[in-house]
Enquirer: 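Starting off with a structure, shown below.
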Amino acid sequence: MNRPYLSALVVLFLFFLSSCAPGETTLQILDSATEAPIEGALVFAPEHPHTFRSDIRGRVTLPADYPRSLLRIWSKNYRPHDITSEDGAGIVRMRFDSTLVSPREREMTFTKKDSLRGSYGPYRENNDLLTYALSVRLDIEQKHLIGSNTITFRMLEDGDRIQLDLFDNMNVDRIDFGGEELSYDREFNAVFVDFPRTLTKGSIYSIDFHYSGHPMETGRFGGLSFKEDSLGNPWVFTANQGIGASLWWPNKDQQRDEVDSMTIRVEVPSDLIDVSNGRFLGSEDLGDGYTAYDWKVHYPINNYSVSLNIATYTHFADSLGELSMDFYVLPYHLEQARRQFAQAKPMLECFESRFGDYPFPKDGYKLVEVPYSGMEHQSAVTYGNLFKNGYLGRDWTGVDVSTRFDFIIVHESAHEWFGNSVTARDVSDAWIHEAWGTYAEAVYVECMFGYEDAMKYVNGYQAKVGNREPIIGPTGVNHWPTGDQYFKGALFLNTLRHVVDDDEMWWSLVGDYTEYFKHREIWTTDVLDYFNDYLDINLRSVFLQYLYHPSLPVLEYKFVGDDVYYRWSADIEEFDMPVKVRTGGEMYFIYPSAGWKSEPHSGGADNWEVATDLFYVGTQEVEQEIQGVTRISDRLQSLE
């Protein structure tokens, strides 16, 4: 893995800097081995529910009312370090611990190309996107594209350069600014655009970025692919999550700054139809064998969601109240689609009951047939699950539940709430999309088939978890995290539900969370702070263990006479999550911590079982001698 992870000793300089706001304190966290700031370090007062995350410059600003008597600095792959108010300005040295680096992460290497794509550098952070106006024309026979994007932005500070992105195999034809042609530099897939004069903070500007070329067919689902249907008709589509939308159109290719809205104009041969994101505005016969299709996206949208789907589509429609539902499929699949897509309406009803109203009502909901499994393109969810239940006809979790519904319709549509509306600011936090999207499958199962089948379904994911690298990956390098973000992430959320142990409270929390962060980009710390405030408990140690470490917490226990002894073994020393056990026909909470606790119990292991179907934890009966025990005389039936 690249530095600082290979360093045997890392020194963090913490500078307490004066802030513009009275009473605020800014800490800057630097790596002395590289002199580079450390992004993603966490700073918190252990007993306070709020956690702060260092930015690209390693800075953390604490509000005036935040306690400072004891602050903990915590960063992935380092031992935590405490500082007190008596330390004042100074240097805190933290030793790198190689044992904390997962084997998978130790093998990772990143380049400048990765950083240019993944980091939010100075020429990205100096501006705020407002709108895109994307227009493209496709020569399908030549697999060629020519287009332009009018990019409107507000400057957040004075400057004369911004960073955009377009794959280096694509041509930059020209970039216009108020009648002037701008100069630019290209480095890998980054395009640094230079202006002839200083753009002023707070002012709004537009540029017209003209480009052309042969887009790459690459990535898991093809990038921009020129295929044919079974009758030999053209079938062109985009799927860019991970690889990047700048594969085929120029944009600011990251997640933490989305445009407020955009228009999409696609010119295709007149015997074909384009289906893209947003509300269909109409088509125009251009008189040269081409027809233009115009779409309007009324909401913020992430770049990889912007979608072209071009084929000989036929269309049918439905509605859910005032929400339009439009379906685009190949003509010879129409009847199959009518039957299979009937699942969409009850699914949306379920999700609205749990997650709140559909987040893009002006744009409507669409399902669009494609020749790959599917993708969560905003308001134009793509579908290629063969019009079968399960995942491509398979029992996805292996417990005889997923064959009762269409996995792709459910999972990809769930991303309308989780990923498209609530968006992770960096792909390292992509569990905010994928854990929730996967958990939503179980939510749907519970709506349709009941709680027991939902628990059976979500626990089927245990077999898919690797526990070999953390759910949260390296930041600022556009690295897609481990598959555990899906499966372990869903089990983590199911665990939180049962820690809360109050379904009315849980579903209220989930619905309010999606509403509060609707159309916003967030960090994991935002999720943690919101949950802590809403529930009035501190879940920091739980989030740190499940998201920042590969291993599960393990409940160690031992039976001695008429007593049972138990404690947590976890990477986070303060891990103290409550968990339920079943015994004698009842189920009740125990409250383990890092130290041994005991309570009366007769019957041994045959009559004492941790509820691992509700709490995704490991368990281990130990043989060691136990010392320093806290005695629990009364069973506590619920969270206090």
Enquirer: Decide yes or no on side-chain contact (heavy atoms from CB on, under 4.5 Å) for Glu180 and Arg197, but give the supporting numbers first.
Expert: CA-CA 12 Å; Glu180 299 179 69; Arg197 58 186 178 277; 3.2 Å; yes
Enquirer: Out of Val268, Val275, Leu272, which one pairs with Tyr293 under the side-chain contact (heavy atoms from CB on, under 4.5 Å) rule?
Expert: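 Among the candidates, only Val268 passes.
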Enquirer: Find the distance between NE2 (His479) and CG (Asp114) and round it off to the nearest 0.5 Å.
Expert: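 The NE2 atom of His479 sits 10.0 Å away from the CG atom of Asp114.
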Enquirer: So, Tyr530 versus Phe517, ring centres under 6.0 angstrom or not?
Expert: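 Aromatic pair counts; centres sit under 6.0 Å.
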Enquirer: With a 4.0 Å cut-off on N to O distance, would you call Arg256 and Glu39 a salt bridge?
Expert: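 So Arg256 pairs with Glu39 through a salt bridge.
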Enquirer: Classify the angle between the aromatic ring planes of Phe280 and Trp295 as parallel (below 30°), tilted (30 to 60°) or perpendicular (above 60°).
Expert: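 Taking Trp295 first and then Phe280, their aromatic rings sit tilted (interplane angle of 30° to 60°).
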Enquirer: Has the side chain of Asp406 got a donor or acceptor atom that lies under 3.5 Å from a matching backbone atom of Ile408?
Expert: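 Judged by distance alone, yes, a pair lies under 3.5 Å.
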Enquirer: Do Lys464 and Trp396 meet the cation-pi criteria used here (NZ or CZ under 6.0 Å from the six-membered ring centre, within 45° of the axis)?
Expert: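 That pair qualifies as a cation-pi contact.
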Enquirer: Run through Asp208, Asp176, Ile175 and flag the one making a side-chain contact (heavy atoms from CB on, under 4.5 Å) with Glu181.
Expert: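 Exactly one pass, corresponding to Asp176.
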Enquirer: Dump the intermediate steps for side chain to side chain donor-acceptor pair (under 3.5 Å) on Ser305 and Asn420, then the final yes or no.
Expert: CA-CA 8 Å; Ser305 275; Asn420 296 342; 3.2 Å; yes
Enquirer: Taking the six-membered ring for Trp and the full ring for Phe, Tyr or His, determine whether the centres of Trp249 and Tyr132 are under 6.0 Å apart.
Expert: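 Yes: the rings meet the under 6.0 Å criterion.
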Enquirer: Give a yes or no on whether a salt bridge exists between Asp288 and Arg137, defined as a side-chain N under 4.0 angstrom from a carboxylate O.
Expert: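 Salt bridge: yes.
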Enquirer: Please give me the minimum heavy-atom distance between Thr291 and Ser270, naming the atom from each residue.
Expert: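 Heavy atoms only, the tightest pair is OG1-OG, 2.9 Å.
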Enquirer: Is the backbone of Lys227 close enough, under 3.5 Å, to the side chain of Ser225 for a donor and an acceptor to pair up by distance?
Expert: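 No, the answer is negative, given that no donor and acceptor are paired below the 3.5 Å cut-off.
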Enquirer: May I ask you to test the Asn385-Leu392 pair for a side-chain heavy-atom distance under 4.5 Å?
Expert: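 Side chain of Asn385 against side chain of Leu392, heavy atoms only: contact under 4.5 Å found.
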Enquirer: Under 4.0 Å between a side-chain nitrogen and a carboxylate oxygen: does that hold for Asp165 and Arg124?
Expert: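 Yes, Asp165 and Arg124 are salt-bridged.
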Enquirer: Does a donor on one side chain sit under 3.5 Å from an acceptor on the other, for Ser324 and Arg279?
Expert: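 There is such a pair between these side chains.
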Enquirer: Quick check: closest heavy atoms across Pro37 and Gly58, and the distance to 0.1 Å?
Expert: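 Closest approach of Pro37 to Gly58, heavy atoms only: CB-N, 3.4 Å.
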Enquirer: Please report the C-alpha distance between Asp229 and Tyr332 in whole Å, then the side-chain angles of each, then the deciding distance to 0.1 Å, and finally whether the side-chain contact (heavy atoms from CB on, under 4.5 Å) criterion is met.
Expert: CA-CA 10 Å; Asp229 65 21; Tyr332 52 84; 3.3 Å; yes
Enquirer: Could you go through Val297 and Ser379, starting from their C-alpha distance and side-chain angles, then the distance that decides it, and tell me whether this counts as side-chain contact (heavy atoms from CB on, under 4.5 Å)?
Expert: CA-CA 9 Å; Val297 179; Ser379 75; 5.6 Å; no
Enquirer: Parallel under 30°, tilted from 30 to 60°, perpendicular over 60°: which one fits the rings of Trp235 and Tyr313?
Expert: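 Judged by the thresholds at 30° and 60°, the geometry between Trp235 and Tyr313 is perpendicular.
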Enquirer: Between Ile301 and Met262, which heavy-atom pair has the shortest distance, and what is it?
Expert: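 Closest pair (atom of Ile301, atom of Met262, distance): CG2-SD, 3.8 Å.
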Enquirer: I'd like to know whether CZ of Arg186 has more than 12 heavy-atom contacts from other residues, nucleotides or ligands below 6.0 angstrom.
Expert: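 More than 12 heavy atoms, drawn from other residues, nucleotides or ligands, come within 6.0 Å of this atom.
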Enquirer: Is the backbone N or O of Gly278 less than 3.5 Å from a side-chain atom of Lys366, with the two atoms forming a donor-acceptor pair by type?
Expert: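 Checking the backbone N and O of Gly278 against the side chain of Lys366, a donor-acceptor pair under 3.5 Å is found.
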Enquirer: Can you see whether Glu434 engages His415 through a side-chain donor-acceptor pair at a distance of less than 3.5 angstrom?
Expert: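 A donor-acceptor contact under 3.5 Å links the two side chains.
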Enquirer: Decide if the gap between the ring center of Phe221 and the ring center of Phe237 is smaller than 6.0 angstrom.
Expert: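 Aromatic pair excluded; centres sit 6.0 Å or further apart.
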Enquirer: Does Asp294 form a side-chain contact (heavy atoms from CB on, under 4.5 Å) with Thr263? I'd like the steps, not just the answer.
Expert: CA-CA 7 Å; Asp294 290 295; Thr263 58; over 6 Å; no
Enquirer: Just do the side chain to side chain donor-acceptor pair (under 3.5 Å) check on Tyr365 and Ser413 with the steps written out, would you?
Expert: CA-CA 9 Å; Tyr365 170 84; Ser413 297; 2.8 Å; yes
Enquirer: Using 4.0 Å as the upper bound for N to carboxylate O, is an ion pair formed by Glu187 and Lys113?
Expert: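 No.
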Enquirer: Side chains of Gln340 and Asn389: any donor to acceptor distance under 3.5 Å?
Expert: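 A donor-acceptor contact under 3.5 Å links the two side chains.
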Enquirer: Which of these passes ring pair (Phe, Tyr, Trp, His ring centres under 6.0 Å) with Trp436: Trp417, Tyr513, Phe355, Phe351?
Expert: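 Going through Trp417, Tyr513, Phe355, Phe351 one by one, the ring pair (Phe, Tyr, Trp, His ring centres under 6.0 Å) with Trp436 is satisfied by Tyr513 alone.
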Enquirer: Quick one: does His214's side chain have a donor or acceptor within less than 3.5 Å of a partner on Lys143's backbone?
Expert: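 Pair found, side chain donor or acceptor close to backbone of Lys143.
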Enquirer: Parallel, tilted or perpendicular, judged at 30° and 60°: which one describes the rings of Tyr383 and Phe387?
Expert: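 Because their plane-to-plane angle lies in the 30° to 60° range, the rings of Tyr383 and Phe387 count as tilted.
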Enquirer: Between Phe209 and Tyr211, how do the two ring planes meet: parallel, tilted or perpendicular, split at 30° and 60°?
Expert: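 It falls in the perpendicular class, over 60°.
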Enquirer: Rounded to the nearest 0.5 Å, how far does OG of Ser402 lie from CZ of Phe407?
Expert: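 It comes to 8.5 Å.
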Enquirer: Does Trp431 reach the main-chain N or O of Thr524 with its side chain, forming a donor-acceptor pair under 3.5 Å?
Expert: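 No, the answer is negative, given that no donor and acceptor are paired below the 3.5 Å cut-off.
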Enquirer: Is it the case that the side chain of Asn478 and the backbone of Val427 share a donor-acceptor pair, with hydrogens and angles ignored and the cut-off at 3.5 Å?
Expert: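 It does not hold such a pair.
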Enquirer: Closer than 3.5 angstrom, by distance alone: can the side chain of Tyr461 be matched with the main-chain N or O of Tyr439 as a donor-acceptor pair?
Expert: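 Flag not set: sc Tyr461 to bb Tyr439 has no pair under 3.5 Å.
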Enquirer: Under 3.5 Å, is there a donor-acceptor pair between the side chain of Glu441 and the main chain of His411?
Expert: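 Looks like no, no N/O pair under 3.5 Å.
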Enquirer: Keeping Tyr205 on the side-chain end and Thr200 on the backbone end, is there a donor-acceptor pair under 3.5 Å?
Expert: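 The answer is yes, because a donor-acceptor pair under 3.5 Å joins these two groups.
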Enquirer: Drop me the distance from Leu116's CG to Gln254's CD, to the nearest 0.5 angstrom.
Expert: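 It is 13.5 Å, given to the nearest 0.5 Å.
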Enquirer: Quick one: OG on Ser307 to CD1 on Ile264, what's the gap to the nearest 0.5 Å?
Expert: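 Atom-to-atom, Ser307:OG and Ile264:CD1 are 8.0 Å apart.
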Enquirer: Atom NZ of residue position Lys388 - does it have more than 12 heavy atoms of other residues, nucleotides or ligands inside 6.0 Å?
Expert: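 No, the 6.0 Å shell around NZ holds no more than 12 heavy atoms from other groups.
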Enquirer: So, are Glu284 and Arg265 salt-bridged, with charged N and O less than 4.0 Å apart?
Expert: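 Yes.
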Enquirer: To check you understand the geometry: which heavy-atom pair defines the closest contact between Pro470 and Lys76, and what is its length?
Expert: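 Shortest heavy-atom contact: CG-CE, 3.6 Å.
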Enquirer: Which atoms form the tightest heavy-atom contact between Ser276 and Leu308, and what is the distance?
Expert: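 Closest approach of Ser276 to Leu308: OG-CD2, 3.8 Å.
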Enquirer: Working to the nearest 0.5 Å, report the span between NE2 of His298 and NE2 of His519.
Expert: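 Separation between the atoms: 12.0 Å.
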Enquirer: Any side-chain to backbone donor/acceptor pair from Lys252 onto Asn127? Under 3.5 Å, distance only.
Expert: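 Answer holds: yes.
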Enquirer: Closest heavy-atom contact between Glu416 and Pro359?
Expert: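 Nearest heavy atoms, Glu416 then Pro359: O-CG, 3.2 Å.
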Enquirer: Rounded to the nearest 0.5 Å, what's the gap from CG on Leu145 to CE on Met170? Could you check?
Expert: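 Result: 5.0 Å between the selected atoms.
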Enquirer: Taking the side chain as everything from C-beta on, heavy atoms only, tell me whether Arg117 gets closer than 4.5 Å to Asp253.
Expert: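 Sidechains of Asp253 and Arg117: in contact.
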